[in-house]
Amino acid sequence: MAVKKFVVGNFDDEAVLFPAVKKVRRAGYKIHDVFTPFPIHGLDHAMGLRDTSLHTAGFIYGITGTATAVSFITWALTVDWQINFGGKPFFSLPAWIPITFELTVLFAAVGMVLTFCWLCQLAPFVRKDHFNPRSTDDLFVMAIECTDKTNEQEASAFLTSTGAKDVSVQYRETGWWLGRYDDEKVRYTKKEAVV
Amino acid sequence: MSLLRYESQVRPAIVDGSKDYHQVTEDICRPVEAKPSKLWWVGFLISVALLLFGIVSVTVEVIYGTGQWNLNKTIGWGWDITNFVWWVGIGHAGTLISAILLLFRQGWRTGVNRAAEAMTIFAVMCAGQFPIWHMGRVWNAFFVMPYPNSRGPLWVNFNSPLLWDVFAISTYFTVSLLFWYSGLLPDLATLRDRAKLKWRKMFYGLAAFGWTGSTKHWQRHEALSLVLAGLSTPLVLSVHTIVSFDFATSIVPGWHTTIFPPYFVAGAVFSGFAMVQTLLLITRKVLGLQDYITIEHIEVMNKVIILTGSIVGIAYLTELFMAWYSHVDYEWFAFLENRVNLNSPYGWSYWIMMGCNVLSPQIFWSKKLRRNLLLTFFMSILVNVGMWFERFVIIVTSVYRDYLPSSWSTYYTPTIWEIGFYIGTFGLFFTCYFLFSKFFPVIAIAEIKHILKKNGGNYKAHMQDEENDDLDQFGNKHLGDQH
C-alpha cells in the first residue's frame, strides 16, 4: 500500500475548528478527515461531506422484515398447514400484527448496525489510525492530505494561522488493516513519501 | 458556537463543577482504570453467591420437574410469571431514557442513559429466564421458534400472544443490545487510547471495533442512533403491550380488560425508573460521579415516577370502576372479593400494591422531598415492592377463585426453589451490573462532552451575561462564530 503524507493539526476548541475547516477548504487543501471526541453537528456539512443514506438502508431493511413476516405467516397458516381456531379465517391478519411489527424493527435494527459497521469498516480487532490518541479525549484533530503539489511548510503555517495548537507532518499507509492494539509497533519512519 | 450553545437559565446545569473535556474523560474513566474497591468485591461476591443459589434452585426444578414449585391446576402461573413481568417492566426504563428522551432532546438523559440501558439488558436477561425454565422440559425450549421440523412441519401458533411474547422479548433484547453497544463504541475507543496495560489495550482494542472518531463515522453514528431511537420508541411500547396481551386476550375475570396495554406500559416505566434510581444512587456514591449524576437528575426521575405512578393509580381505579359498571358478576367478584376485600386470602397484597404504587409516590409533589436522596432511595425500593405485588395481584388473585368454586385454590405459597430462582435472578442482575460498572464507562463520555458547553456548570455561568445583552450586542459578539 502506498504511504501518504499528512499535515496534522490539533485544535482544542470546536469553536476554532469550525472556521478553520472552512478556511482550509477555501485555501484549496484536501482535508483527509477530522477526528473528534464527540459528534459536532454541522461539521460534516462544513467539510462538504454528503449526507449519509443509512436511513434509507434502514427503511429497506424494515420493509424486508415486514414482507418476511407477512409472507411467511400467510404461507405457514393458510397454505402449508391450516389450523382451524374456533372457525376463524385462516388468513387472520390482525393477529399477526405484533410479530410483523417486531420483525420489522428487528430487521431494520440489525441491518442498520451491520451496514454501519460495514461502511465505517468497524469490527473486532480492526486497527485504524487516527493520528493522535487524544482525539478520543479532548482534541479535535484535522489531517490534511498532501499531494505532490502541496508545500508542507506552507500548509503547516496555514494550519497554525487558523488556530491549530500544534502541527506536525505524519506518514501513514493508506487503507485499513487488521492489527492488535497491544502491539507496540514502530510507526513509519520513512521520510520520503510516495504518493 | 456560543449561539448554538445557548440555553436558558431556567434549566439548571446538569454537569456540576468546572469541567473541561479532559476532566470529563478523567472522571468517568477513573473507576474503570482503578483497582476495584473492597466494597466492589463484597458486592460482587454476594451477587455471585445469590446467582449460585439460583442455579441450584433451577437445577432442582429441572431434575424433579415443575412440581418443585407450588403451582397447581388453578394457579398455573405464580411467582415465576410474576417475576417475569416484573423484570421485563424494569427493563423498560433504559430504552425509554435512551430512545424516547433522545427524540425529545432531553439533555439530562446523557448522565444516566448508559447505566439505564445496561440495566435494561440485564433485566431482560433475568426476565427471559422465567418463561424458559417454566417450560419444564427446557431442552425443548427451541420448539417456540418457527423452524422446519419433522412434525409436519407443524408451525408455531402465530395467533397466540405467548408466541408474540417470544418475538417481542427477543427483539427487544437484541435491539437494546445493539443500541447500547453502538453507543459504547466511542467511549471504548477512549479507554483503548488511554490504556497502558497490555490486556487493556487488547480488550478495549477488541471491544472498540477500531473506532477513530472520524467525522464521517460520527455522521453515520448520529444517523444510526436517531433511527434506532425511533425504532426503539414504538418497540418499548409494544413489548409491554404484548406482555399485557398474555392476560388481556384471555377470558379470565380480572385479566380480560382493554386498559391493560397502556396500564402495563406506565407501570413498566414506573418500576424501571425506580430501579434506575436504586442503582444510580449507589453508583454515583461508590464511583464518585456526583458531578455527572446530579441531584437534578434524581429530581427529574422522581417527577417521572410521580407521573407514571399516578397513571398507574388512575388505571387501578378505572379497572375497578369498569368491573362495577360492566355488571359482570364474575368481574365484580374478582375485584371486590378477591382483591379489595382485605379479609380475603390475598386482600393484603392488593393493599400493599395500592399503598406502595399509588399513595407513597404522592410525597414527591414536594420539591424538598424529591431532592432528598435517602428518601428517594427508600421510595425506589418501595415502588419496586409495590410493582412486584401489582403483578402478583393481577396473576394470582384473578385465577385463584374464578368461575368454578370446586377448583378454587386459596393459599398458594412458593417453595424455597421458587424463591431461590427469584433470588438467583437478582444474583444474575447484580453480577452483570458489577462487571459492567468495572469494565465499562457507566456514563456516556462522548455524550457528556457533547452537552458540556451547553449544560456544564462553568459554561452555564457565562450565559447569564449573554442573557443580559440586547440583540445587537449579542449579534456583534457572535458574528462570524460559525456559518
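We name chains A, B, ... by the order of the sequence lines, and we start the count at 1 in each one.
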Practice task
Against chain A, label B:Leu231 side chain, backbone, both or neither, depending on which of its atoms sit under 4.5 Å from a heavy atom there.
Solution key: both
Completion exercise
Those residues of residues 238-246 of chain B that come under 4.5 Å of chain A on a heavy-atom basis, listed by number, are B:Ser238, B:Ile242
For residues 82-90 of chain A, which side-chain donor-acceptor pairs fall under 3.5 Å, sequence neighbours excluded?
| from | atom 1 | to | atom 2 | distance (Å) |
| --- | --- | --- | --- | --- |
| A:Gln82 | NE2 | A:Thr78 | O | 2.7 |
| A:Asn84 | OD1 | A:Gly87 | N | 2.6 |

Completion exercise
So, the part of B:Ile445 with a heavy atom under 4.5 Å from chain A: the answer is neither
Handout entry: Pairs of heavy atoms under 4.5 Å with chain B: top-ranked of A:Ala76, A:Pro133, A:Ala123, A:Gly58
Key = A:Ala123
Exercise for the section: Could you tell me which portion of A:Phe72 (side chain, backbone, both or neither) has an atom closer than 4.5 angstrom to a non-hydrogen atom of chain B? Expected result: side chain
Problem - Close approach to chain B in residues 101-114 of chain A, criterion heavy atom under 4.5 Å - result: A:Phe101, A:Glu102, A:Leu103, A:Val105, A:Leu106, A:Ala108, A:Ala109, A:Val110, A:Met112, A:Val113
Problem - Where A:Pro37 and B:Ala446 come nearest, the two heavy atoms and their spacing - result: O-CB, 3.6 Å
Fill in the blank from the handout: Note: vs chain B, highest number of non-hydrogen pairs under 4.5 angstrom among A:Thr115, A:Leu77, A:Asp12 is A:Leu77
Handout entry: Whether B:Trp155 side chain and A:Ile73 backbone form a donor-acceptor pair below 3.5 Å
Key = no
Fill in the blank from the handout: With B:Phe158 as partner, the option from A:Thr74, A:Ile99, A:Thr100 fulfilling side-chain contact (heavy atoms from CB on, under 4.5 Å) is A:Ile99
Exercise for the section: Locate the shortest heavy-atom distance separating A:Asp138 from B:His22; write the atom from each residue and the value. Expected result: OD2-CB, 3.3 Å
Handout entry: Most contacts with chain A, counted as non-hydrogen pairs under 4.5 angstrom, among B:Ser160, B:Ser182, B:Ala168
Key = B:Ala168
Exercise for the section: Please list, chain by chain and in numerical order, all residues satisfying side-chain contact (heavy atoms from CB on, under 4.5 Å) with A:Asp33, sequence neighbours excluded. Expected result: A:Phe35, A:Met47, B:Ser214, B:Thr215
Completion exercise
Whatever's closer than 4.5 Å to a heavy atom in chain B on A:Leu119 counts as both
Completion exercise
Given B:Leu228, B:Leu226, B:Leu154, B:Leu185, the one with more heavy-atom pairs under 4.5 angstrom with chain A than any other is B:Leu154
Exercise for the section: Indicate yes or no for a side-chain donor-acceptor contact from B:Lys449 to the backbone of A:Asp137 under 3.5 Å, with no hydrogens or angles considered. Expected result: yes
Completion exercise
Nearest heavy-atom contact between B:Gly210 and A:Leu122 is O-CD2, 3.7 Å
Fill in the blank from the handout: One should read off an interatomic distance between A:Leu43 CG and B:Gln219 CD, to the nearest 0.5 angstrom, of 10.0 Å
Practice task
Look only at the side chain of A:His55 and the backbone of B:Val227, and say whether a donor-acceptor pair between them is shorter than 3.5 Å.
Solution key: no
Handout entry: Heavy-atom closest contact (B:Gly152 atom, A:Trp81 atom, distance)
Key = CA-CZ3, 3.3 Å
Handout entry: Atom CH2 of A:Trp118: over 12 foreign heavy atoms under 6.0 Å
Key = no
Handout entry: Under 4.5 Å from a heavy atom of chain B, the part of A:Thr36 involved
Key = both
Fill in the blank from the handout: Okay, A:Asp80 and chain B: the region with an atom under 4.5 Å from a heavy atom over there is side chain
Exercise for the section: Give the C-alpha distance, both sets of side-chain angles, the deciding distance and a yes or no for side chain to side chain contact (heavy atoms under 4.5 Å, CB included) between B:Arg194 and A:Thr136. Expected result: CA-CA 9 Å; B:Arg194 287 167 56 88; A:Thr136 54; over 6 Å; no
Practice task
For each of B:Leu235, B:Val24, B:Val175, tally heavy-atom pairs with chain A at distances under 4.5 Å, and name the one with the top tally.
Solution key: B:Leu235
Practice task
Could you tell me whether a side-chain N or O of B:Lys216 sits under 3.5 Å from a main-chain N or O of A:Arg50, the two making a donor and an acceptor?
Solution key: yes
Completion exercise
Rounded to the nearest 0.5 Å, the NE2 atom of B:His217 sits from the CG atom of A:Asp44 at a distance of 13.0 Å
Handout entry: chain A contact via B:Pro153 - side chain, backbone, both or neither, heavy atoms under 4.5 Å
Key = both
Exercise for the section: Please report the closest heavy-atom contact between B:Glu222 and A:Pro39, naming both atoms and the distance. Expected result: OE2-CG, 3.5 Å
Problem - Per-residue contact mode, A:Leu54 against chain B (heavy atom under 4.5 angstrom) - result: side chain
Practice task
For B:Ile251, look at atom CD1 and say whether over 12 heavy atoms of other residues, nucleotides or ligands are found less than 6.0 Å away.
Solution key: no
Problem - Which of B:Leu191, B:Thr174, B:Leu178 touches chain A most, by non-hydrogen pairs under 4.5 Å - result: B:Leu178
Exercise for the section: Could you check whether the rings of A:Phe38 and B:Tyr21 sit parallel, tilted or perpendicular, using 30° and 60° as the cut-offs? Expected result: tilted
